[in-house]
Amino acid sequence: MRRHLLSVDDLTREDIERILGLAESFAEVSGREIKKVPTLRGRTVINLFYEASTRTSSSFELAAKRLSADLVSVKAQGSSADKGESLKDTIQTLSAYDPAALVFRSPHAGAAGLVARWTPAAVINAGDGKREHPTQALLDLYTLRRRAGRLEGLNVWIVGDVLHSRVARSNILAFGRMGCKVTVCGPPTLIPRGVESLGCEVQTTLDRLGEADVVYALRMQHERMHGSYVPSLREYAARYGIDGRRLGAAQLLMHPGPVNRGVELSAEVIDGPQALITDQVESGVVVRMAVLYELLAGGDGMPAPGRGTERATRAPQPA
Ligand code: ASP
């Protein structure tokens, strides 16, 4: 794996398998009363978020803390960005603390790649505009494999606002790499032109939704819409909303959150047994622990926690 995690394209299938395996080891740590290992003791992780976040920021914080790193969390609101400091100056300022990793979220596509050029730290893209969100895709793979027992051959339908969704882009790549068949579905105005080149099929109605093993619903990303893409949310919900009538009994349901209840999903399916939405949130911590470990401690062939080596016996000890 490369020094940074900017895109799912940075990961081979073997890299993904290794990260999912590491996450399994960390799940064991998360089941303990003291959910902490000393792996990153003395190293610094900085979370820099220029856009709203609940799940991603809190799970990266917990992941860094459970690995015993020193953690600094900076939100753009209330930081010197409000005083007009440029992104480059902010990155250079924070780099003065010698962070091992910088977790970065921005409303601008490609911004994480720029940050990687300005800091010696390993940069993890925690969402850059509508471009990518690679750790979301990894935690989705992890969650789905745990529930379904496999990924190879699964038929995944990603439904909704594909055009503005970084989750859709990262997940088309990630599910495809792990051998799933991916279909994206939504109103034609919300399907990006040429999306098939990422390795998926396109549908503009839910008529064939019954073929899916997994329905992955997306939120309408209003914050990235300039103009109107659907006649009304009511009309959208009527044509593309997933409810108990549309979701088959054997189908699994995923959503990256936050969910707009009554728009892309009805309350009955959100809270139903086929939904993996809470599992996805839970997986966020162990998968992000695995990514931090892989980038900061796993590079030189260092063995994973719990695999019968010096580090293995050391890592699971309480810090
Ligand atoms: N939480 C995901 C993201 O940050 C999905 C969403 O916001 O709808 O991209």
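We count ligands from 1, going down the list as the structure has it; atoms in each ligand are counted the same way. The figures here come from the full heavy-atom set of this structure, side chains too, leaving out hydrogens, waters and symmetry mates.
Residues satisfying the side-chain hydrogen bond (donor to acceptor under 3.5 Å, both in side chains) test with Ser7, not counting sequence neighbours, are Glu132.
Between Arg246 and Asp243, no side-chain nitrogen of the basic residue sits less than 4.0 Å from a carboxylate oxygen of the acidic one, so the salt-bridge criterion is not met. A salt bridge between Arg224 and Glu51 is present, with a side-chain N of the basic residue lying under 4.0 Å from a carboxylate O of the acidic one. Using a 4.0 Å cut-off between a side-chain N of Lys or Arg and a carboxylate O of Asp or Glu, Arg177 and Asp9 qualify as a salt bridge.
Counting the atoms of ligand 1 from 1 in the order shown, those under 4.0 Å from a heavy atom of His133 are 3 (C), 4 (O), 9 (O). Every atom of ligand 1 is numbered from 1 in the order shown, and the set under 4.0 Å from a heavy atom of Arg105 is 4 (O).
Residue-ligand proximity: Gly127 is placed with every non-hydrogen atom at 4.0 Å or more from ligand 1. Ligand 1 lies out of reach of Ser53, whose nearest heavy atom is not under 4.0 Å from it.
Among the atoms of Glu223, none of the N or O lies under 3.5 angstrom from an N or O of ligand 1.
Defined by atom type and a distance below 3.5 Å, a donor-acceptor pair is present between the side-chain atoms of Glu61 and Ser73.
Of the listed options Glu264, Arg166, Arg219, Arg219 places a heavy atom closest to atom 7 (O) of ligand 1.
Of all the heavy atoms of Gln136, none lies under 4.0 Å from any atom of ligand 1, so neither backbone nor side chain is involved. Under 4.0 Å from ligand 1, not a single heavy atom of Arg55 appears.
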